Amino acid sequence: MISPAFPRIARSDVPLIVIGTRHTNSPDHQRRTADADAHEFDRGPWAGGLAAITWFLSMDGETLLTCAQWDSDAAHDAYLRGNGPVTPLAGPPGYRLYRSLAEEGETRTPGCLITAAFDVDGPERQWYFTDAVIAAQPEEGGHPGAISAHFLLSTDGTRVLLYTEWTSAEAHQEAAEAGDHDKGHDIFSSTPGVRLTHGNRYHLHGALSRPLP
């Protein structure tokens, strides 16, 4: 059964995260596509090695994002070989969590997902860029609406995805207007071998987890 729960990105038992986006032409199309996907997965059979899949709808009505969490690269590869590239599970690329920022004991429920995606020139740029962004964060903590930030690096060394959870889109907008993101933007624009490609704001549509045996 589909549930209203954000995925736990920082899970050591599901190291591969496959995130895909599809263009939609209206909020209604977003919902219908996500519901059709969820219906297909919910009626089974469940893919071996797939721990969870979550659907997010962009707030501009134009994009459907899926986040599929896998036990291993081998499980994902076996799925693709056996069934072909099914859009919500296919990628490419796959990502692994590199570093996270969150207060210890954080229990708030996110109300908004913010993403920013970057093309980079190889693994060294992935690490350097991510470490620089984290080092630029204020030691005293950021905006009270910020819940967590997760830095995902693609397994092929070509991309970085910043996956951040906020209490609301309004809180994120307040932080942007207050200049909280300015240092990060300076790093985005000035680091050689790093190019911002896109970003968006999403709200949760629903999630499915691996059925109990």
Side-chain angles (χ1 to χ4, degrees), residues 2-22 34 37-38 41 46-47 49-59 63-73 75-76 79 88-118 120 123 126-127 129-131 133-134 137 141-143 145-169 171-172 175 181 184 197-210:
I2 195 163
S3 68
F6 264 65
R8 288 193 298 112
I9 291 297
R11 289 181 58 178
S12 59
D13 60 325
V14 283
L16 182 68
I17 304 168
V18 178
I19 293 179
T21 57
R22 283 171 281 175
D37 283 352
F41 286 106
W46 192 257
L50 177 63
I53 181 168
T54 309
W55 289 265
F56 291 93
L57 311 183
S58 69
M59 295 184 179
T63 306
L64 171 63
L65 182 147
T66 53
C67 174
Q69 296 171 275
W70 290 86
D71 292 350
S72 66
D73 293 42
H76 181 242
Y79 180 83
L89 303 183
Y95 291 90
R96 288 192 177 86
L97 178 65
Y98 175 55
R99 294 180 66 180
S100 293
L101 295 175
E103 293 293 331
E104 186 174 353
E106 175 62 76
T107 60
R108 288 177 295 173
T109 299
C112 178
L113 168 66
I114 309 294
T115 65
F118 304 85
V120 299
Q126 288 180 313
W127 305 322
F129 170 61
T130 300
D131 292 343
V133 172
I134 291 175
Q137 302 309 304
H143 189 278
I147 295 176
S148 67
H150 304 281
F151 295 82
L152 308 179
L153 309 187
S154 68
T155 57
D156 64 3
T158 66
R159 301 183 194 178
V160 173
L161 181 69
L162 176 54
Y163 177 111
T164 61
E165 296 170 329
W166 288 74
T167 56
S168 67
H172 180 260
H181 304 154
T197 58
H198 60 272
N200 219 327
R201 297 176 178 177
Y202 296 90
H203 61 83
L204 175 70
H205 182 71
L208 289 172
S209 298
R210 180 162 42 208

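None of the values given here were measured: they were computed from a predicted structure.
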So do [Y] and [X] actually touch side chain to side chain, heavy atoms under 4.5 Å?
X	Y	result
Y163	L97	no
I114	W166	yes
L152	Y98	no
I9	C67	yes
L65	I19	yes
I17	L161	no
L64	L57	yes
S148	F6	no

Checking L162 against F151 for the side-chain contact (heavy atoms from CB on, under 4.5 Å) test, could you report, in this order, the C-alpha distance in whole Å, the side-chain angles of both residues, the deciding distance, and whether it holds?
CA-CA 5 Å; L162 176 54; F151 295 82; 3.5 Å; yes
Give, for atom [atom1] of [X] and atom [atom2] of [Y], the distance between the pair rounded to the nearest 0.5 Å.
X	Y	atom1	atom2	result
T63	H198	OG1	NE2	8.0 Å
S209	W46	OG	CH2	7.0 Å
H172	T167	NE2	OG1	11.0 Å
L113	H150	CG	NE2	9.5 Å
T115	R201	OG1	CZ	11.0 Å
T54	H205	OG1	NE2	11.5 Å

What heavy-atom pair brings [X] and [Y] nearest, and what distance separates the two atoms?
X	Y	answer
V120	G157	CG2-O, 3.6 Å
A10	S100	CB-OG, 4.4 Å
D71	P15	O-CD, 3.1 Å
A207	A5	CB-O, 3.6 Å
L208	A38	CD1-O, 3.6 Å

Run the salt-bridge test on R8 and D13 with the 4.0 Å N-O cut-off and return the result as yes or no.
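Not counted as a salt bridge, because no side-chain N and carboxylate O are separated by less than 4.0 Å.
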Quick one: sort the W70 and Y79 rings into parallel, tilted or perpendicular, breaks at 30° and 60°.
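Tilted, since the angle between the ring planes falls between 30° and 60°.
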Please answer whether the main-chain N or O of [Y] pairs with a side-chain N or O of [X] as donor and acceptor at a distance below 3.5 Å.
X	Y	value
R108	A146	yes
W127	D131	no
T197	A117	yes
Q126	R159	yes

Is there a side-chain contact (heavy atoms from CB on, under 4.5 Å) between T155 and L16 once you walk through the steps?
CA-CA 9 Å; T155 57; L16 182 68; 4.1 Å; yes
Worked check of side-chain contact (heavy atoms from CB on, under 4.5 Å) between D37 and R22
CA-CA 12 Å; D37 283 352; R22 283 171 281 175; 2.5 Å; yes
